[in-house]
Amino acid sequence: MVKLDTIISLAKRRGFVFQSSEIYGGLNGFWDYGPLGVELLNNIKQSWWKEMTYRDNIVGVDASIIMHPKTWVASGHVAQFSDPMIDNKTSKARYRADNLIEEFIQKLKNKNKTELAAEIEEKLEHAQVNEDYYNIILNYGITCPVSGSTDWTEVRNFNLMFKTFVGPVEDESGTVFLRPESAQGIFVNFKNVMDSSRMKPPFGIAQIGKAFRNEINTKNFLFRTREFEQMEMQFFIKPGAEKEWFEYWKEQRWNWYLSMGMKESSLKWKVHEKLAHYANYAVDIEFEFPFGFGEIEGIHSRTDFDLTSHTNHSGKKMEYVDTVNQDRYIPYVVETSGGVSRSFMAFLCNAYDEEKILENGKEDTRVVMRFNPKLAPITLAVFPLVNKDGMPEYAHQIYKDMQKFFRVQYDTSGAIGRRYRRQDEVGTPFCVTVDGQSLEDHTVTIRNRDSMLQDRISVSKIREYIQEKMY
Ligand code: ATP
């Protein structure tokens, strides 16, 4: 399994991800996507968007990040969107109590103390109030990872929403929140979308957008950050049909990750025993990161909680009226809620490979990012074999021509083997090389990243060759 440090260092070296405002020492929990990172990020979002909205019954929206503050009262976030927080008095370090316990369980598992780990896991699964977390921490003597002491404060609630103010006066009347999830932007637009697009249940609304959570601890690179992006779809159905649609979306979402190249052995389901206040079924898709399994997407049956609550708080009826069958109801909702940035990190880890190869009779190791070609930041690289005899001009023309269809890079520096290696490390699936023969018969070699095998094809067939392998 690849180490997290290896991924972080490759991500920085090759321009996938940088620390936010790094020149000022960075800001905890915030990251910037570099030239290759933004391509990968866009490809993930585009693939998701196509998968979810290029079908009969799903349309998209792009709602604003700051919404009317009543939204968050109705959704339950003002009252309930908090995590259990605990401080260590010796180190002054602050932790999310459930995460602290989870890490302790992981340590026990690493030491093969599986029975004790299972016992605590069971208690954690059933923990409901702050006191339950506190008791686990105290009873099992969980120590602070920084100070090693058990000098804990009690467990308190910490609301994760970022507050800010609208307008010039910083008082309660202008207080708004940065949205902690994109879902509510969909719910408040339910009627607008249904009426303007003439949709009727079962139908869905999809959205990709930023969300903000003032997480108590950020860590593990992009896994838990304070600013992140979500790709969410809320599917509106007739009450009673939720189990069937829940199963349908579970399968669809699992298969999407596989179709994007995720290894099935790195994925697993986590069924929620403890359900959120709005849910009647809930599962997560988890990916095996270098630090263990972690959620990348949740599929939840949210009942009519959100639409009913918005009806009550806004006074606007959020119902579907079926004039043909003389039926009216508040739809139930099955949501698929994935993190773009968490998936991004999962796709990086999933793609990373080191392979022993023989080059010029010598053993070497190549680092290769085996991205699905649809996700790869660069689709094609074009090289002249040598920088003379008309090859650079010929190669540059191919580069310009292919730019109309793909993200292409042109590279003339260093030995050809070095150029292949640079592209392998960022996952470019195809490399075209122009050599002496190209100028005579208008053919080039095209090298495949994974097999390293080359085909000789006509220049006029490059686009077709790539498209055939990509779709
Ligand atoms: P967790 O239990 O890890 O805090 P969650 O259950 O609160 O996550 P959801 O509210 O279901 O997460 O959010 C949906 C998706 O948004 C998650 O599956 C994850 O991919 C992403 N996500 C949530 N919180 C973060 C975060 N702090 N950083 C990055 N991605 C996040």
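We count ligands from 1, going down the list as the structure has it; atoms in each ligand are counted the same way.
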Which residue, H77, H310, R179, Q234, forms the side chain to side chain donor-acceptor pair (under 3.5 Å) with Q184? H310

Within the supplied structure, the quantity of interest is the number of heavy atoms (other residues, nucleotides, ligands) at a distance under 6.0 Å from E125 CD; does it exceed 12? yes

Where's the contact between R96 and ligand 1, heavy-atom distance under 4.0 Å: side chain, backbone, both or neither? side chain

Looking only at protein heavy atoms, what sits closest to atom 4 (O) of ligand 1 is R224 NH1, 2.8 Å

Which residue supplies the protein heavy atom nearest to atom 11 (O) of ligand 1, what is that atom called, and how far is it? E295 OE2, 3.4 Å

Residue, atom and distance of the protein heavy atom nearest atom 29 (C) of ligand 1 read F223 O, 3.2 Å

My understanding is that we take every heavy atom of each candidate and find the minimum distance to atom 9 (P) of ligand 1. Doing that for R213, M345, R342, which one comes out nearest? R213

Look at atom 21 (C) of ligand 1 and say which protein heavy atom is nearest, naming residue and atom and giving the distance to 0.1 Å. G339 CA, 3.7 Å

Considering both backbone and side-chain atoms of L222, is one of its nitrogen or oxygen atoms within less than 3.5 Å of a nitrogen or oxygen in ligand 1? no

Polar-atom distance check: E215 versus ligand 1, any N or O pair below 3.5 Å? yes

Quick one: look at H300 and ligand 1, take heavy-atom pairs under 4.0 Å, and tell me if it's side chain, backbone, both or neither. side chain

Any chance CD of E131 has more than 12 other-residue heavy atoms, nucleotides or ligands included, within less than 6.0 Å? no

So between I296, V340, T225, I285, whose heavy atom ends up nearest atom 28 (N) of ligand 1? T225

Donor-acceptor check, side chain of E229 to backbone of S341, threshold 3.5 angstrom: yes or no? no

V146: what forms a side-chain contact (heavy atoms from CB on, under 4.5 Å) with it, not counting sequence neighbours? S91, A93, Y95, C144

So, 4.0 Å and heavy atoms of E181: is ligand 1 close enough to count as a contact? no

Within a 6.0 Å radius of atom CD on E119, are there more than 12 heavy atoms belonging to other residues, nucleotides or ligands? yes

If we ignore angles and hydrogens, is there a donor and acceptor under 3.5 Å between the side chains of E288 and S266? no

E242 side chain to Y332 backbone, donor-acceptor under 3.5 Å: no

shortest atom 15 (C) of ligand 1-to-protein heavy-atom contact is with S337 O, 3.7 Å

Is the count of non-hydrogen atoms from other residues, nucleotides or ligands lying under 6.0 Å from K243 atom NZ greater than 12? yes

Nearest candidate to atom 25 (C) of ligand 1, where distance is taken over non-hydrogen atoms, out of F81, F212, F228: F228

Ligand 1 versus Q230, non-hydrogen atoms closer than 4.0 Å: side chain, backbone, both, neither? side chain

